[in-house]
Amino acid sequence: MGQGVLEAPGYARREGALWCEGVSLGAIAERVGTPTYVYSTATICNRLDALRRALAGLPVHIHYSVKANSSRAILALLKSRGVGVDIVSGGELHRALTAGFNGRDMVFSGVGKTAVELERAVRAGVKSINVESEGEIVALQKVAARLQVVVSVALRVNPDIAVDTPHKYTRTAELGMKFGIPHDKVMRVARAMADMPNLKLTGIAAHLGSQIDDVAPYARAAHCLVQFKREIEGAGIARIATLDLGGGLGLGASGDRDAYLQGYAEALRVIAEEPDTEIMIEPGRFIVADAGVLLTRVLYRKSSGGTEIVVTDAGMNDFIRPSLYESLHDIESVDTAEEPSLLANVVGPVCESGDFFATGRLIPEVGPGSLLAIRTAGAYGYSMSSNYNSRPRPAEVLVDGDRFALITERESDADLTRREISAPHWSED
Ligand SMILES: *Cc1c(COP(=O)(O)O)cnc(C)c1O
């Protein structure tokens, strides 16, 4: 890598040290402490631009999946770039509203929305509620009738399309899984909806999984959605204006990202050929994953039974993906560009054997005090963090060119216990 030049937006080395855009990660660690998530504005914008370039000419609306990274500064950045959002809970509705989004910028997904969440979404004027069961339709009809409004609804179908993703927990579209309305029940549910005076069926949605590195399943899903649209319209049940292909775009790390996006756009073209039909997509990870790193300091080194162990100040509560999905994340030394020479397990301080970031991995020679960057941590990192082991959650920092800003404060010990009532006020009945 060149010295003193940023060859790409995002992360590069200057005189050996790792920088995020125009800010040294070492400087951020000094100022904010560790563990800390750092995000590059340029990478987020670059990803969004690449996606938009590939989809140019297609009638596509991008709805960023909030659960990938739900920090409001990130949401506000994406809002300023003109994307909508896909939310999955009342909490995400609150985040999106307070980050500046309107209901009409949102679609609401999720297999278990409560009546309270449905009511909040209806009151906020959410553009489409993507329902996943007959029971949910009944619940939503009740809410809409009570509020005397007509609500736009999309049917989230389970198209029974298998995808190849790095872990089975990130596949969502096969029969027997909890997501969506099984494809063989979709027509029945569509007909049932025609009898609900306060619901208007306007769309069909599918979401196949996450990190899908092959575009073929998207082509299959697009065909499936088009078939359902024709069948529903042909039966005179409703006019379907929107087909939503969900998220799951792969990073294409193993291949050519532009070729991948071209193939993806090609898959969407089947929908674009349908008259008066808009396409919706819900990318999460693709937009933010590469934009983020988790900065962590090495606390200790030890050796056990011939295995070298590097203990960091970040743990699985801060970043659970390696434990939950056995996900692979590059681990780099922030201070030096040395070649990896140490075969080690990189582990956190949490009292669980599953608390690791890498096992049997070649990393640069590091010791106590070394600063590490765990890469590709911008998606499902902070948003999945917890307080397990009573560990305050980390800080989040956004970098933009030569500037950086704290966007989430590190939690304090007091934050951990703030809502607890240690002397219970007992009630009877
Ligand atoms: C999680 C999710 C997404 C985003 O998935 P990514 O892999 O982050 O792109 C999109 N739509 C729905 C319904 C989801 O549940």
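Worth knowing before you read on, the calculation uses all heavy atoms, side chains too, and leaves out hydrogens, waters and symmetry mates. The structure presented is a predicted model; accordingly, all values stated were derived computationally and were not measured. For reference, positions follow the sequence shown, starting with 1. First listed ligand is number 1; within each ligand, the first listed atom is number 1.
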Enumerate the atoms of ligand 1 whose separation from the nearest heavy atom of [X] is less than 4.0 angstrom.
X: G247; result: 9 (O), 10 (C), 11 (N)
X: S65; result: 1 (C), 2 (C), 3 (C), 4 (C), 10 (C)
X: R285; result: 6 (P), 8 (O), 9 (O)
X: S109; result: 13 (C)

Ion pair check, R269 and E273, cut-off under 4.0 Å:
no
Using a 3.5 Å distance criterion without hydrogens, assess whether the side chain of [X] forms a donor-acceptor pair with backbone atoms of [Y].
X: N317; Y: S386; value: yes
X: E274; Y: V226; value: no
X: N389; Y: R391; value: no
X: S323; Y: M316; value: no

Quick one: does [X] get an N or O within less than 3.5 Å of an N or O on ligand 1?
X: G284; value: yes
X: D86; value: yes
X: Q211; value: no

Any heavy atom of H207 under 4.0 Å from ligand 1? The part involved is side chain
shortest atom 7 (O) of ligand 1-to-protein heavy-atom contact is with S210 OG, 2.4 Å
of all protein heavy atoms, closest to atom 9 (O) of ligand 1 is G248 N, 2.7 Å
**Request:** Please work out which of the three classes, parallel, tilted or perpendicular, describes the rings of Y169 and H167, given edges at 30° and 60°.
**Result:** perpendicular
From the list K113, R156, K178, K185, salt bridge (charged side-chain N to carboxylate O under 4.0 Å, His left out) with E132 holds only for R156
Of R156, K67, E282, the one whose closest heavy atom lies nearest atom 2 (C) of ligand 1 is K67
task: May I ask you to check whether over 12 heavy atoms, not counting those of E326, lie within 6.0 Å of atom CD?
output: no
Can you tell me if Y380 has a non-hydrogen atom under 4.0 Å from ligand 1?
yes
